[in-house]
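All remarks here apply to the structure that follows.
Read the numbers this way: they start at 1 and go in the same order the structure lists the ligands and their atoms.
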Amino acid sequence: MSLAVLSVASEAYPLIKTGGLGDVAGALPLALAAEGVQMRTLIPAYPAVRRAAQAAGMTVLDLPVGVADQAGGRGNLLAFNAHGLDWLALDIPHLFDRPGSPYLGPDGRDWPDNPQRFAALGRAAAGIGLQGVDGWKPQIVHAHDWQAGLAAAYLTYSGEPRPGTVFTVHNLAFAGKIPLAQRVPLHLPPEAATMDGLEFYGALSLLKSGLQFSDRITTVSPTYATEICTPEGGMGFDGLLRARGDAVSGVLNGIDIQAWNPATDPALSAAFDAKTLNKRAANKAALQARLGLAVEPNTLLFGVVSRLTWQKGLDLLLEVLPELIGMGAQLAMLGAGDRPLEDGFKSEAAANPGQIGVVVGYDEALAHMVQAGVDALLVPSRFEPCGLTQLCALRYGAIPVVARVGGLADTVIDANPAAIAAGAATGVQFSPITSMALTQAMGRTAKLYAQKTVWAKMQTNGLNADVSWRGPAQQYAALYRSILQAA
Ligand code: ADP
Ligand code: GLC
């Protein structure tokens, strides 16, 4: 029997993406279709989403009742199909029709009315969950991260019979904190301001709403699911998460293996697969040329594709660049984020032409070129709920060199002697997450790179690993069904 699920997210590839959340929200519905789940995806109608809706011949629907009131009576839902997904775009122009980042204004800071903006998203999700839309009513509402967190509170506080609810934590670091005084304008009842509601260190947390009121909480890897239940990894939510007990679980992310397919990728200079890994050489040369690096086929080329933030640990890499240079290796970096990191890497590139190449910005095609061209991809994250770039690396024959944390620990098999002897290794893990351990990991990578047969076996293992959404989609479908059975 087909299962109706509403997915609620603040971004979804390919219409709008700032990071892995967008990838997941865009890919999961496609994989779930094969599991008998009919998913519709609710996202805000940012300008790019509106354009896609218009191009796809959208149907304009009324907003659910309470939502329209809260939005001052202005707005619609735009229903359309595009890229294989069934979209519902929340079109409230005074909240969402703004160019640029979905979250930040032109000054690079959060839009001051983000509480109102994402409350409207949660409110719309709850409205659709309770009233249905267009003759369709979800049996499950699946909300992602703090921006969609209020869906659970609005559903619960309505007091009406509600659909099942799943909340997925992609990043616990973003609590979605808003002042307590916002409770009234956001139509939340007085109990929302208590410990058993959304109260979090003297504020309201939209993330806490999802954790508190959802039938099941998932996060994006089993190891992160364990980490967030500890004081070290719980970001203040560990007590609540421990209290939720078995309701918390980890489902590993996949990647879209059509969009990330080295055999058909239009961004590459040369297509390749597990049997034609020698063709990667052309991609390496093209990447070296593009980033102004010396075009040297045998020089170990490290790569980075990342947001440049504290989470990603790239300040550690900046610290150890002299060691990387001393090893005679090269670095190809694509990233954007915190100014001091952007500036730090840019000035290292200027000081080390031919050896360090840096592109600051967001460039989907270049991200594919990096994965296809580098020998090893560095992911020194301090914490990482899942991480997708190491999965892309596996699929593109780049050896992931990762911090042993969160989803990185769950997806990369370290090239220790036992794993090499068993023919199972796919990458390099390091711990603790320090500049010294990172340097040692780079050194270990160089030694492996020199052993051509071992290296090639690791690459082939990566290309043969299943990084698709098939397994994860089966787990989500089973989770949805178990909620309905328990109800
Ligand atoms: P996070 O969501 O924490 O940023 P993930 O590894 O889960 O990290 O996902 C990051 C996604 O964003 C990947 O698809 C990656 O390829 C992409 N990405 C990150 N930075 C850039 C960039 N500067 N240009 C293009 N794509 C990027
Ligand atoms: C978050 C996490 C990242 C994860 C992504 C998708 O952005 O930082 O680890 O892969 O969400 O779940």
Side-chain angles (χ1 to χ4, degrees), residues 7 9-14 16-28 101-103 142-148 167-174 207 218-225 227-228 233 235 250-257 259-260 265 267 290-291 303-314 332-338 341-342 345-346 358-372 374 377-396 398 400 402-403 405-412 467 469 472 476:
S7 169
S10 55
E11 54 181 273
Y13 180 83
I16 177 97
K17 162 177 160 182
T18 70
L21 167 64
D23 286 313
V24 173
L28 184 56
S101 156
Y103 315 117
H142 184 170
H144 298 271
D145 267 359
W146 72 267
Q147 296 92 340
F167 183 67
T168 295
V169 179
H170 296 264
N171 198 333
L172 201 69
F174 300 105
L207 183 87
T218 70
T219 186
V220 287
S221 69
T223 292
Y224 192 59
E227 290 168 350
I228 59 177
M235 310 253 175
V251 179
L252 213 51
N253 285 333
I255 55 171
D256 180 338
I257 57 170
W260 290 96
D265 193 329
R290 165 86 182 259
L291 290 198
V304 170
V305 178
S306 188
R307 290 188 289 120
L308 302 180
T309 64
W310 186 85
Q311 172 188 345
K312 301 295 178 180
L314 292 165
M333 165 175 275
L334 169 62
D338 296 349
L341 284 171
E342 290 184 351
F345 280 103
K346 276 199 285 202
V358 174
V359 172
V360 168
Y362 191 91
D363 186 334
E364 196 77 35
L366 184 55
H368 288 234
M369 286 179 66
V370 171
Q371 297 283 12
V374 300
L377 188 87
L378 295 169
V379 194
S381 305
R382 290 194 168 85
F383 70 94
E384 196 61 78
C386 179
L388 300 175
T389 60
Q390 83 281 11
L391 301 180
C392 302
L394 290 170
R395 188 150 166 81
Y396 275 56
V402 305
V405 67
L408 300 174
D410 291 341
T411 52
V412 174
V467 293
W469 273 106
Y476 280 113

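- Atom numbering of ligand 2 starts at 1 in the shown order; those under 4.0 Å from a heavy atom of Val220 are 12 (O).
- Ligand 2 is approached by Gly387 to a heavy-atom distance shorter than 4.0 Å.
- At the top of the distance list for atom 3 (C) of ligand 2, counting protein heavy atoms only, stands Glu384 OE2, 3.3 Å.
- Salt-bridge formation is detected for the pair Asp363/Arg290: a Lys NZ or Arg NE/NH1/NH2 atom is positioned less than 4.0 Å from an Asp or Glu carboxylate oxygen.
- Looking at heavy atoms from C-beta onward, Trp469 lies in side-chain contact with Leu28 at the 4.5 angstrom threshold.
- Closest of all the heavy-atom pairs between His368 and Ala267 is CB-CB, 3.9 Å.
- Under 4.0 Å from ligand 1, the heavy atoms of Lys17 that appear belong solely to its side chain.
- Of all the heavy atoms of Leu388, the ones lying under 4.0 Å from any atom of ligand 1 are found in both the backbone and the side chain.
- For a threshold of 3.5 Å applied to N or O pairs, the pair formed by Gly19 and ligand 1 contains no separation below that value.
- The shortest N or O to N or O distance between His170 and ligand 2 is under 3.5 Å.
- The heavy-atom pair separating Asn171 from Arg307 by the smallest distance is ND2-NH2, 4.2 Å.
- Within ligand 2, the atoms closer than 4.0 Å to a non-hydrogen atom of Val24 are 6 (C), 12 (O), numbered from 1 in the order shown.
- Per-residue contacts place Asn171 under 4.0 angstrom from the following atoms of ligand 2 (heavy atoms of the residue considered): 8 (O).
- If you look at Lys312 next to ligand 1, the close heavy atoms, those under 4.0 Å, all belong to the side chain.
- Contact annotation for Leu21 and ligand 2: only backbone heavy atoms (N, CA, C, O) come within less than 4.0 Å of the ligand.
- Taking both residues in full, the closest heavy atoms of Ser221 and Pro385 are given as OG-O, 2.6 Å, listed atom of the first, atom of the second, then distance.
- Across all their heavy atoms, Ala367 and Leu334 have their closest contact at N-CD2, 3.5 Å.
- For ligand 2, the atoms sitting less than 4.0 Å from at least one non-hydrogen atom of Gly20 are 5 (C), 6 (C), numbered in the order shown with element in parentheses.
- Taking the six-membered ring where the residue is Trp, Tyr396 and Trp260 present perpendicular rings, their angle passing 60° and hence far from 30°.
- Backbone and side-chain nitrogen or oxygen atoms of Thr18 are examined, and none is located within less than 3.5 angstrom of a nitrogen or oxygen of ligand 1.
- At a heavy-atom distance under 4.0 Å, only backbone atoms of Ser306 (N, CA, C or O) approach ligand 1.
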